Amino acid sequence: DSWKQEPIPVDAARLVLAFLSGGNGVFTREQELKANIAELEGVKAERMAIEKKRADDAAKAAAANAVKIAGAFAVFEASKRRPKSGADTLNRYKSQYNQFSAWMARNYPGTVRLREVTPEIAEAFLTHMEREYSANTHNKYLVFLRMFWRVMRWDAKAMLAIDPWDGIKTLNVKKDQVKHRDLTVDELRRVAEVISGDYEMRLLFAIGFYTGLRFGDCALLKWENVDVAQGMLMVIPRKTRNRYADALKTRLHPALCALLSETPKAKRMGFVIPGIARAYREDCSNLSKRIQAVFTAARIQTNGDRARLFKNPNTGRYLIEYPELDENGNHRIEDTGTKDAESAKAIYREHTGADRVLRARASVGFHSLRHTFSSILTNANVNQEIVNYLTFHNQGTVVATYYHANAAAIARAISLLPNVEELTRCPGTRLKALPALPAGGGENARLERAEAAGDNLAAFREIADRMTAREVNAALNYLKSLSK
């Protein structure tokens, strides 16, 4: 330990320090080591404080520039880590996110960054969804938002520390579910009367009823999938196209073929119903409302067993629509007399006896056409395997070969659907069938034929008077083709 006692010359600062500490003007090595350690500890504390301040300032700057709720979907859409969804699915995601974003702007205007969404806010949003929408819709939003946050956590600019949706349970769908019911032939005829003057809507309903396709498949059907001359339809259902590449191949009902033939060959390009396709892509919910209005106009109860609270866009007051129909076939409407949402909800609860505002569950809608298609075939004792094929259920069947092996049975099944389409074009009247003539002919036979033809001519003229010029022209071309 002799080195510890070795005198070491020091500079003026150390001499002062030694003097103040009562030393003799020199430091031993041990004293110098302690002084250096103390000095380094001080420097370390200073550096750590500086670095912490820099980190805090950087974090504050980054947080101030973190992804905003209003622009987060664009970041999600550009992410390489999101699911490779089709255009329609991506549009649905965007619609769901926009609804969440709009709700945030109304209820938490001070929360502008995605990282500021807390578990409490997430629970509040889903409570709103449970109160205003079906359990199925609630669950779809929950699943989407979980996926959205999972993707966004990979983005450094989002700065997401937690997933506010983690641990929230889905709702029981079955207890809140209302199945679409079948439509009767009489109801189909009433629908036909309502849409008889709207060719595109008439065609949409006819495709839905005669093919059993889902709403989106009907609205976005393209001419490349239809062969009017051969009476064939080949389409890949949108709901299952990402899992199954097989196309549904089936026969077209003659009534649907006749309706499709009203479109000139030169115009059979792109979408079969271009106006409907545009409306579906721009605002699917608005098109759904138009379809529900058709059922209501046809005096068909659509709301199941629930009353609906909604705002009158013209007056701003809230109205209650009851499921029961009045003597004119319309849903009874009650004006709450208030523009305040909470007051309207209180009136709704008082007048309906419900403990909360319930979402009106539609028991009749466009999907009812698909149910009716399936039920008619099932009730006609069509083989269930064929019904499953035509409705594209049970895709374990090799679709490409199934049609060729069962073409005749499929054609018979399609022919069992009632000819409601002609009632759509010509409601209320049918041509009489010409009576059979006596085998010998002669004057009596000629008179009988003239009388029968006269009856049919009068009936034909009665029908023609109700037709548009386009419909008359289509019928004329059809009759000419028969006379060749």
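No experiment lies behind these values; they were computed from the predicted model shown.
For the pair His253/Pro418, no side-chain contact is recorded, criterion being any heavy-atom separation below 4.5 Å from C-beta on. Side-chain contact between Lys140 and Asn136 is present, with at least one heavy-atom pair separated by less than 4.5 Å. Between Leu252 and Ile414 there is no side-chain heavy-atom pair separated by less than 4.5 Å. Within the 4.5 Å cutoff, side-chain heavy atoms of Val272 are placed close to those of Val226. Proximity of Glu123 to His128: side-chain heavy atoms (C-beta onward) are nowhere separated by under 4.5 Å. Put simply, the side chain of Val75 does not reach to within 4.5 Å of the side chain of Lys157, judged on heavy atoms. Two residues are said to be in side-chain contact when any heavy atoms from C-beta on lie closer than 4.5 Å; Arg113 and Val67 fail this criterion. Contact check for Leu126 versus Trp165: side-chain heavy atoms found under the 4.5 Å cut-off.
Atom CZ of Arg281 sits in a sparse spot, with 12 or fewer heavy atoms from other residues, nucleotides or ligands closer than 6.0 Å. Counted within 6.0 Å of CZ on Arg181, heavy atoms from surrounding residues, nucleotides or ligands total more than 12; the atom is thus considered enclosed.
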For side chain to side chain contact (heavy atoms under 4.5 Å, CB included), just list the numbers for Leu145 and Phe125, CA-CA rounded to whole Å, side-chain angles, deciding distance to a tenth of an Å, and then say yes or no.
-> CA-CA 11 Å; Leu145 289 167; Phe125 174 72; 3.7 Å; yes
Apply the test side chain to side chain contact (heavy atoms under 4.5 Å, CB included) to residues Ile69 and Tyr108: give CA-CA distance (whole Å), side-chain angles for both, the deciding distance (0.1 Å), then the verdict.
-> CA-CA 11 Å; Ile69 294 173; Tyr108 294 88; over 6 Å; no
Walk me through it: do Lys345 and Glu350 pass the test salt bridge (charged side-chain N to carboxylate O under 4.0 Å, His left out)?
-> CA-CA 9 Å; Lys345 290 177 181 179; Glu350 178 184 351; over 6 Å; no
Would you check, one step at a time, whether the test side chain to side chain contact (heavy atoms under 4.5 Å, CB included) holds for Leu221 with Phe271?
-> CA-CA 6 Å; Leu221 185 66; Phe271 293 110; over 6 Å; no
Quick one: do Arg332 and Ile320 satisfy side chain to side chain contact (heavy atoms under 4.5 Å, CB included)? Show the steps, please.
-> CA-CA 8 Å; Arg332 183 167 65 87; Ile320 302 174; over 6 Å; no
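Residue Gly208 comes nearest to Phe366 through the heavy atom pair CA-CZ, 3.9 Å, listed as atom of the first residue, atom of the second, then distance. Taking each heavy atom of Thr391 and Ser374 in turn, the nearest pair found is CG2-CB, 4.3 Å. Closest of all the heavy-atom pairs between Leu259 and Tyr199 is O-OH, 3.2 Å. In terms of heavy atoms, Leu160 sits closest to Met152 at CD1-CB, 3.7 Å. Closest non-hydrogen pair, Ser85 versus Leu90, comes out as CB-N, 4.3 Å. Nearest heavy-atom pair, Arg81 versus Trp154, reported as atom, atom and distance to 0.1 Å: CD-CG, 3.2 Å.
The closest donor-acceptor contact from the side chain of Asn225 to the backbone of Met234 lies under 3.5 Å. At distances below 3.5 Å, not a single donor-acceptor pair connects side-chain atoms of Thr250 with backbone N or O atoms of Leu233. One N or O on the side chain of Ser261 and one on the backbone of Ala258 form a donor-acceptor pair closer than 3.5 Å. The main-chain N or O of Tyr348 is found under 3.5 Å from a side-chain atom of Thr352 such that the two form a donor-acceptor pair. Proximity of a side-chain donor or acceptor of Ser101 to a complementary backbone N or O of Tyr97 within less than 3.5 Å is not detected. Within the 3.5 Å criterion, the main-chain N or O of Trp103 finds a donor-acceptor partner in the side chain of Asn107. No donor-acceptor pair under 3.5 Å is formed between the side chain of Glu77 and the backbone N or O of Lys94. For Arg268 (side chain) and Thr263 (main-chain N/O), a donor-acceptor pair under 3.5 Å exists by modelled atom type. The backbone N or O of Pro237 lies less than 3.5 Å from no partner atom in the side chain of Asp217, so there is not a single donor-acceptor pair. At least one donor-acceptor pair closer than 3.5 Å links the side chain of Arg251 to the backbone N or O of Gln230.
Taking the side-chain contact (heavy atoms from CB on, under 4.5 Å) definition, one finds that Glu200 meets it with Asp198, Ile273, Pro274, Ile276, sequence neighbours left out.
A distance of 11.5 Å separates CZ in Phe148 from CD in Gln96, rounded to the nearest 0.5 Å. Expressed to the nearest 0.5 Å, how far CG of Asp186 lies from CD1 of Ile300 amounts to 8.5 Å. Remark: Tyr280 OH to Asn286 CG distance equals 13.5 Å, nearest 0.5 Å. Interatomic distance, CZ of Phe100 versus OG of Ser95, reported as 14.0 Å (0.5 Å rounding). In this structure, CZ in Arg370 is found 14.5 Å from CG in Leu183, a value given to the nearest 0.5 Å. Once rounded to the nearest 0.5 Å, the distance linking NE2 of His351 with OG1 of Thr336 reads 9.0 Å.
Between the side chains of Gln99 and Tyr141, at least one donor-acceptor pair of N or O atoms lies under 3.5 Å. Under 3.5 Å, the side chains of Thr372 and Asp182 contain no donor-acceptor pair of N or O atoms. Using modelled atom types and a 3.5 Å distance limit, the side chains of Tyr322 and Glu334 yield a donor-acceptor pair.
A distance of 6.0 Å or more separates the ring centres of Phe209 and Phe373.
A salt bridge links Arg317 to Asp335: one of the charged nitrogens lies within less than 4.0 Å of a carboxylate oxygen.
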